[in-house]
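The structure displayed is predicted, hence computed values, not measured ones. Just follow the structure's listing: the first ligand is 1, and inside any ligand the first atom is 1. Values below: every heavy atom of this structure, side chains too, minus hydrogens, waters and symmetry copies.
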Amino acid sequence: MKAVVLTGIRKMQLTEIPEPVISSDKDVKIKLKTIGVCGSDIHYYSEGKIGSQVVDYPFRVGHECSGEIAEIGAAVDNVKVGDLVVVDPSVHCGSCDQCLAGRPHTCRNNKFLGCPGQIEGCLSEFIVMPSFTCFPVTGKLNAIQAALIEPLTIGVYAVNLAAIKNKNTTVAIFGAGPIGLSILMKLKADMVADVGMIEPLDYRLIKAGDIGASWQINPGEEEVEEEVKNRNELLLDVVFEASGEQEAVNNAIKILKPGGKLVLVGIPPEAQYVFNMDLMRRKELTVINVRRQNHCVQEAIDLVTSGAVDVEKMVTHEFNLEETPVAFDMVEGYKFGTVKAMINL
Ligand SMILES: [Zn+2]
Ligand SMILES: [Zn+2]
């Protein structure tokens, strides 16, 4: 089968490799339909690592995907051959303390699709996964919507962790990439009225406006704290950080009101952030860390199926498998107004 593998920093190759085979009676073989290019794939592409997660070449990335069930193991009963499925890239063990505590996303033995040293990614014609990772969506979603469920789940989970109970809660999001936009979409589906977007790329601010942001600030051109104060004198209840930038964290602490919540979703390039502890303590801010998602796949599917979220709004470019290197280059350089690039097979 055809596959795209990383062979070095900014090096990618289309190759021919053997098709994967079902090795457990609970496995399914999936024929890939659509694969989303994620910011984390780009880190592996351009830096060869994310923190302690280092690529050993050659390696195949890709974890946001939809596909058609091509073959099932003897004990599989949740999907059948021909089903279009959303694939949850996270494979948990089901028996460690975290799994037993209802936290499979922090499973001690977690293996993640397209994560170095864990499972080869989905940039290929077929993958084999345990059937519990597959959610059938035939007749509900198209292949592109189905592949966008994974990034959407991160937004859904982050918003659920923030536990916003009042629709008049004032909110800001730093970063209008696919994750920031997913957070925005979930907040709008929850009817949260006042959600602002802070983002240095104007075309992404426009996209956020299309999706329903009530106000937009470009931190490269405007003073964030001052602009927020002009709008909300008492400052904000909740801030989602989805850019991974220290500067955004600094500003987030400034624009949160006493008792506010800072939800950290973005992945910083370095392992550490610096927090203004004096301000954070005086305001008694709550900091919430978000690790991928937990039990949000079905909710994300339902949000798209019901029409509450139009997840395809974030798609700006589509490619075929052979064009994957072009897609990665574009997403890395934020070229041509890229927000989300999809690879269709
Ligand atoms: Zn991703
Ligand atoms: Zn586990």
Rounded to the nearest 0.5 Å, what separation is found between the OH atom of Tyr44 and the CD atom of Gln53?
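If we round to the nearest 0.5 Å, Tyr44:OH and Gln53:CD are 4.5 Å apart.
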Arg10 to Phe328, cation-pi by 6.0 Å centre distance and 45° axis angle:
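Arg10 over Phe328 ring: no.
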Is any N, O or S atom of Glu64 under 2.8 Å away from the Zn ion (ligand 1)?
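Checking the Zn ion (ligand 1) against Glu64, an N, O or S atom does fall under 2.8 Å.
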With the Zn ion (ligand 1) at the center, what angle do SG from Cys38 and NE2 from His63 span, rounded to 10 degrees?
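Taking the Zn ion (ligand 1) as the apex, the two atoms subtend 110°.
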Indicate the ring-plane relationship of His317 and Phe319, choosing parallel, tilted or perpendicular according to the 30° and 60° boundaries.
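Parallel.
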Verify whether one side chain among Asp202 and Asn218 offers a donor that lies under 3.5 Å from an acceptor in the other.
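On atom types as modelled, these side chains qualify, holding a pair under 3.5 Å.
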For the Zn ion (ligand 2), decide whether Cys93 has an N, O or S atom at a distance under 2.8 Å.
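Yes.
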